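Okay, structure first, notes after.
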Amino acid sequence: MEQEELTEPAQQPAERPYPGRLGAWMAFCRPKTWMIACAPVIASLALAWCESDGFRPVVAVFTLLIAIIMQATSNMENDLGYAERNAETGNRRGLPRATTLGWISLPTARRAIRVMIVLALLNTAVLIYFGGWVFALVGLASVLAAYCYMGGPKPIAYTPFGELLVLVFFGLTAVCGTYYLQTGTLSAAAVLLGAGLGAIASGVLAVNNYRDLEHDASIGRMTLAVTLGRPRFVQLFSVLLALPYFTTLLTVGLSPSLWPCLIVFASAPKAIRTFRDLPRHEHEELNAVMFSCVKLEGIFAILFAAGALVAGLF
């Protein structure tokens, strides 16, 4: 029978001192990454208001909540999955994993994830009420994706499809789902926005996988970075960061009234710096590049939302 640890583990690596209970849970759910989940919702809400001239505040709150819950659950499942597979080796350069370091016991981590799944299902029930049974499928698919990324016999994290999964669920699904809940329809602009924001979110995971390329290869984790190798993967990263600007141009070309959304190009210098920093840094230095990518998504989404709001006023 598994024994739960209620106190600080007796043996901790010197470079990873126990951060206290709050710090341990912060490391487990990683709130600094939640912008990846919030950004698509914020931008999509503004676009929906602009194109439909309506806003459902209660629905918006529950949409934002489910996005945060799914991001946190994905982070927690990833942390636990590493510990369960004993996949942490001395050459990993990433952020600390709470379960691997013993800050949170495996039984406690599993219970916390179950609680998050229950919260996700309850939230999904509310979205089903407002948006129809299609959101039962969306909710189920999202929960399964969060689990299958690092859980199950063949985790997606051990394949080259991680970046694609992020683009689909943290881009297209998040934006289109939010838009549909507000309007009852979909638009070309919503699909293009989902692809663009999903590309930046995929870039966050891409930096993570680029940083851990050697470690992942050593444990048989065939990520896209391992499969392509560093030079080609850097080229792919440039495409991911350029795509949202291309989709915005295409959006304005299809809907000229959305021209104020071109303000997103004010974030282009940050995108260029983030791209240039990837091959210039290594190991722990790449953590800063990863969070720069997270900030880029937030800035891009806020700028797009501001542009959509201005467009809606005229």
Side-chain angles (χ1 to χ4, degrees), residues 33-47 67 70-71 74 142 145 149 156-157 159-179 186-211 223-225 227-228 230 232-254 258 261-279 286 289-305 307-308:
T33 66
W34 292 359
M35 179 54 71
I36 300 171
C38 295
V41 176
I42 293 169
S44 186
L45 287 173
L47 178 64
M70 294 314 304
Q71 177 64 50
S74 179
S142 298
Y149 180 73
I156 296 172
T159 72
F161 303 113
E163 284 81 1
L164 178 61
L165 182 79
V166 170
L167 190 151
V168 170
F169 281 95
F170 290 96
L172 290 169
T173 301
V175 170
C176 293
T178 300
Y179 189 94
L186 284 178
S187 70
V191 175
L192 289 169
L193 176 62
L197 288 173
I200 303 177
S202 296
V204 176
L205 179 62
V207 177
N208 182 82
N209 289 340
Y210 181 88
R211 179 199 62 207
T223 63
L224 192 58
T227 303
L228 294 180
R230 291 196 183 277
R232 285 191 294 173
F233 196 70
V234 170
Q235 294 174 355
L236 173 65
F237 185 65
S238 70
V239 172
L240 291 175
L241 295 194
L243 184 62
Y245 300 98
F246 173 77
T247 58
T248 303
L249 287 173
L250 187 55
T251 296
V252 174
L254 294 173
L258 289 173
C261 294
L262 292 174
I263 193 175
V264 298
F265 279 86
S267 66
K270 184 171 182 61
I272 293 171
R273 287 194 301 271
T274 303
F275 162 66
R276 289 178 175 174
D277 283 343
L278 182 70
L286 286 167
V289 180
M290 181 177 66
F291 285 118
S292 177
C293 208
V294 173
K295 292 176 183 177
L296 173 64
E297 179 162 14
I299 294 169
F300 186 97
I302 291 171
L303 289 173
F304 188 96

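Computed from a predicted model, the values in this text were never measured in an experiment. The figures here come from the full heavy-atom set of this structure, side chains too, leaving out hydrogens, waters and symmetry mates.
The CZ atom of R273 sits 15.0 Å away from atom CG of L278, with the distance rounded to the nearest 0.5 Å. Annotation: the span from I200 atom CD1 to S267 atom OG amounts to 6.5 Å, rounded to 0.5 Å. Interatomic distance, CG of L296 versus CZ of F291, reported as 14.5 Å (0.5 Å rounding). Rounding to the nearest 0.5 Å places CG of L167 at 14.0 Å from CZ of F161. If you take CD1 on I156 and OH on Y149, they are separated by 9.0 Å, rounding to the nearest 0.5 Å. Taking CD from E297 and CE from M35, the interatomic distance works out to 8.5 Å, rounded to the nearest 0.5 Å.
Side-chain N or O atoms of R276 include none that pairs as donor or acceptor with a backbone N or O of I272 at under 3.5 Å.
The shortest side-chain heavy-atom distance between F169 and S74 does not fall under the 4.5 Å cut-off. Using a 4.5 Å heavy-atom threshold, the side chains of I36 and V204 count as touching. Counting heavy atoms from C-beta on, the side chains of V239 and Q235 never come closer than 4.5 Å. Looking at Y210 and M290, their side chains never come closer than 4.5 Å, going by heavy atoms from C-beta outward. A 4.5 Å side-chain heavy-atom check between L193 and C176 finds every atom pair outside the cut-off. Put simply, the side chain of L197 does not reach to within 4.5 Å of the side chain of F304, judged on heavy atoms. Side-chain contact between L254 and L192 is present, with heavy atoms from C-beta onward closer than 4.5 Å. Residues E163 and N209 form a side-chain contact, since some pair of their non-hydrogen atoms from C-beta on lies under 4.5 Å apart.
The side chain to side chain contact (heavy atoms under 4.5 Å, CB included) test with L47 is passed by exactly one of T251, T178, L258: L258. Of the listed residues (T173, L172, V175), just one forms a side chain to side chain contact (heavy atoms under 4.5 Å, CB included) with P40, and that residue is V175.
Other residues, nucleotides and ligands contribute more than 12 heavy atoms inside 6.0 Å of the CZ atom of F265.
Closest non-hydrogen pair, T223 versus A157, comes out as CG2-O, 3.6 Å. Contact between L303 and I263 at its shortest, heavy atoms only, is O-CG2, 3.1 Å. The nearest pair of heavy atoms linking A199 to L243 is CB-CD2, 3.7 Å. Smallest separation of non-hydrogen atoms from A305 and A43: CB-CA, 4.2 Å. Contact between V41 and A67 at its shortest, heavy atoms only, is CG2-CB, 3.9 Å. Taking all atoms of both residues into account, the shortest heavy-atom contact from T227 to P160 is OG1-CG, 3.7 Å.
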> Does the side-chain contact (heavy atoms from CB on, under 4.5 Å) test come out yes or no for Y179 and V191, once each step is laid out?
Replying inline: CA-CA 10 Å; Y179 189 94; V191 175; over 6 Å; no
> Can L241 and C293 be said to form a side-chain contact (heavy atoms from CB on, under 4.5 Å), step by step?
Replying inline: CA-CA 9 Å; L241 295 194; C293 208; 3.9 Å; yes
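Legend: residues meeting ring pair (Phe, Tyr, Trp, His ring centres under 6.0 Å) with F300, ordered by chain and number and at least two apart, are Y245.
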